[in-house]
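Please read all numbers here as calculations on a predicted model, not as lab measurements.
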Amino acid sequence: MNVVQKTTKDKILDYLKKESSLAVSDLTELLDMTHMAIRKHLNILERDGLIVSKEVKQPIGRPSQIYSLTKRGERLFPKNYEGISVEFLYDIQDIYGEHAISNLFKRREQRLTKEYIKRIEQKSNHDKINELSKIQTEKGYMANLSKTGENSYELIEYNCPILAVANEFKSACTCETQMFKNVLGTDNVKRVCCKSDGDNYCKFLVDFYKKD
């Protein structure tokens with residue numbers, strides 16, 4: 001299988017997506033490159049309208065240049081709405097009521113649960129959550145998994161392909177959390193950060209053996 005190698009510009013955009021904003025010094029450390037090389041790439045990205053810089057005052061010394069993605073830069077990341085739009089959902093709500101929206105997201109939850117379980121069943125808890133993270137990344141969520149304890153994990157999603165929908169209908173977030181519980185076989189899945197609440201990412205804490 002051919003693996004597409006990411007360019008330095010791609011890596012910079014990925015880091016800015018994950019961290020929200022970074023200084024040149026941050027990027028030189030992350031990419032192990034010189035300030036001059038990093039600035040060259042940043043100048044090109046800024047010229048192309050993909051990133052923007054602003055000065056931030058420091059307690060001592062000169063102001064620091066901080067870089068972040070522009071709306072154009074954000075559009076480079078997956079935005080897969082799976083055939084549903086905010087306007088369409090509002091039309092359904094107006095015609096059939098709020099319960100119809102709840103039913104739609106519940107059906108989506110059930111459909112995704114079946115889809116994910118096909119890939120996850122018969123696996124250990126550790127392999128289950130690793131596979132879940134892999135699936136979410138495949139779907140454009142930029143998932144990152146880390147182990148925080150013997151049976152506990154932290155799952156972060158840096159991108160939300162259905163953010164426009166989730167911003168208007170919180171049922172999308174509720175059903176995703178419930179779907180994770182169904183797939184992983186534990187009720188101890190807690191969403192502690194959410195992009196639809198204004199956070200930079202969605203974060204889930206998962207514990208396989210914790211008792212409620």
Side-chain angles (χ1 to χ4, degrees), residues 1 17-18 74 77-212:
M1 183 176 68
K17 177 65 178 177
K18 291 180 178 180
E74 286 280 357
F77 294 90
K79 297 291 186 293
N80 175 19
Y81 291 102
E82 296 190 351
I84 59 177
S85 69
V86 174
E87 293 81 7
F88 184 55
L89 289 171
Y90 272 123
D91 286 341
I92 292 174
Q93 181 175 268
D94 289 342
I95 296 170
Y96 300 107
E98 290 189 11
H99 70 281
I101 297 298
S102 297
N103 288 340
L104 277 175
F105 282 112
K106 193 66 180 175
R107 285 175 65 89
R108 182 174 184 270
E109 173 197 320
Q110 293 169 348
R111 174 171 56 80
L112 291 176
T113 296
K114 290 179 180 178
E115 175 189 334
Y116 284 38
I117 283 179
K118 286 180 180 178
R119 289 179 56 171
I120 286 175
E121 61 184 351
Q122 307 301 322
K123 293 181 182 290
S124 66
N125 289 332
H126 178 74
D127 289 340
K128 280 182 180 179
I129 197 164
N130 270 284
E131 187 68 17
L132 173 63
S133 177
K134 182 179 177 181
I135 296 171
Q136 290 300 91
T137 294
E138 290 172 2
K139 288 181 175 289
Y141 287 86
M142 288 182 70
N144 182 71
L145 180 68
S146 58
K147 192 170 184 179
T148 57
E150 184 178 356
N151 301 300
S152 56
Y153 299 82
E154 177 184 273
L155 177 67
I156 294 179
E157 296 175 342
Y158 290 101
N159 188 54
C160 178
I162 60 166
L163 183 58
V165 173
N167 281 336
E168 302 298 324
F169 299 94
K170 291 295 291 183
S171 295
C173 304
T174 303
C175 287
E176 181 187 36
T177 304
Q178 185 59 49
M179 185 267 286
F180 285 176
K181 293 179 180 181
N182 297 341
V183 170
L184 296 174
T186 175
D187 287 330
N188 296 300
V189 177
K190 184 178 181 182
R191 185 191 294 261
V192 294
C193 295
C194 187
K195 286 180 71 70
S196 67
D197 290 334
D199 296 318
N200 291 329
Y201 45 72
C202 293
K203 181 194 288 187
F204 301 86
L205 301 181
V206 180
D207 193 321
F208 284 101
Y209 293 112
K210 180 180 176 182
K211 300 242 179 174
D212 289 327

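- Side-chain contact check for Ile162 versus Phe169: every heavy-atom pair is 4.5 Å or farther apart.
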Side-chain donor-acceptor pairs of residues 86-93 under 3.5 Å, sequence neighbours excluded:
{"from": "Tyr90", "atom 1": "OH", "to": "Glu168", "atom 2": "OE1", "distance (Å)": "2.7"}

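- Once rounded to the nearest 0.5 Å, the distance linking NZ of Lys181 with CG of Asn188 reads 8.0 Å.
- Around atom NZ of Lys134, no more than 12 heavy atoms belonging to other residues, nucleotides or ligands sit under 6.0 Å away.
- Note that CG of Leu155 is 11.0 Å distant from OG1 of Thr148, once rounded to the nearest 0.5 Å.
- Atoms CD and CG, from Gln178 and Leu112 in turn, are 13.0 Å apart once rounded to the nearest 0.5 Å.
- Both the sub-6.0 Å distance and the 45° axial angle are satisfied by Lys18 relative to the ring of Tyr158.
- Within the structure, side chain to side chain donor-acceptor pair (under 3.5 Å) pairs that include any residue of residues 195-204 comprise Lys170-Ser196, Lys170-Asp197 (at least two apart or interchain).
- The distance from the CD1 atom of Ile156 to the OG atom of Ser146 is 6.0 Å, given to the nearest 0.5 Å.
- Here Lys190 contributes atom NZ and Glu154 contributes atom CD; the two are 13.0 Å apart, rounded to the nearest 0.5 Å.
- Side-chain contact between Ile129 and Leu184 is present, with at least one heavy-atom pair separated by less than 4.5 Å.
- Of the inter-residue distances, the one linking Ile101 atom CD1 with Asp94 atom CG reads 9.0 Å to the nearest 0.5 angstrom.
- Under the 6.0 Å cut-off for aromatic ring centres, Tyr153 and His126 qualify, their centroids lying closer than that.
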Which pairs of donor and acceptor atoms, one on a side chain in residues 113-120, lie under 3.5 Å apart (sequence neighbours left out)?
{"from": "Thr113", "atom 1": "OG1", "to": "Glu109", "atom 2": "O", "distance (Å)": "2.7"}
{"from": "Glu115", "atom 1": "OE2", "to": "Lys139", "atom 2": "NZ", "distance (Å)": "3.1"}
{"from": "Tyr116", "atom 1": "OH", "to": "Gln136", "atom 2": "OE1", "distance (Å)": "2.4"}
{"from": "Arg119", "atom 1": "NE", "to": "Glu131", "atom 2": "OE2", "distance (Å)": "3.0"}
{"from": "Arg119", "atom 1": "NH1", "to": "Glu138", "atom 2": "OE1", "distance (Å)": "2.8"}
{"from": "Arg119", "atom 1": "NH2", "to": "Glu131", "atom 2": "OE2", "distance (Å)": "2.7"}
{"from": "Arg119", "atom 1": "NH2", "to": "Glu138", "atom 2": "OE2", "distance (Å)": "3.2"}

As a quick check of understanding, evaluate side-chain contact (heavy atoms from CB on, under 4.5 Å) for Asp207 and Thr186, giving each step before the final call.
CA-CA 8 Å; Asp207 193 321; Thr186 175; 5.9 Å; no
Walk me through whether Cys202 and Cys194 qualify under side-chain contact (heavy atoms from CB on, under 4.5 Å).
CA-CA 4 Å; Cys202 293; Cys194 187; 4.2 Å; yes
Please walk me through it: do Cys175 and Arg108 pass side-chain contact (heavy atoms from CB on, under 4.5 Å)?
CA-CA 8 Å; Cys175 287; Arg108 182 174 184 270; over 6 Å; no
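- Side-chain contact between Asn125 and Asn151 is absent, with no heavy atoms from C-beta onward closer than 4.5 Å.
- The aromatic rings of Phe180 and Phe204 sit perpendicular, their planes meeting at an angle over 60°, well past the 30° parallel limit.
- Other residues, nucleotides and ligands contribute more than 12 heavy atoms inside 6.0 Å of the CD atom of Glu121.
- Contact record, Lys128 with Val183: CD-O, 4.4 Å, taken as the closest heavy-atom pair.
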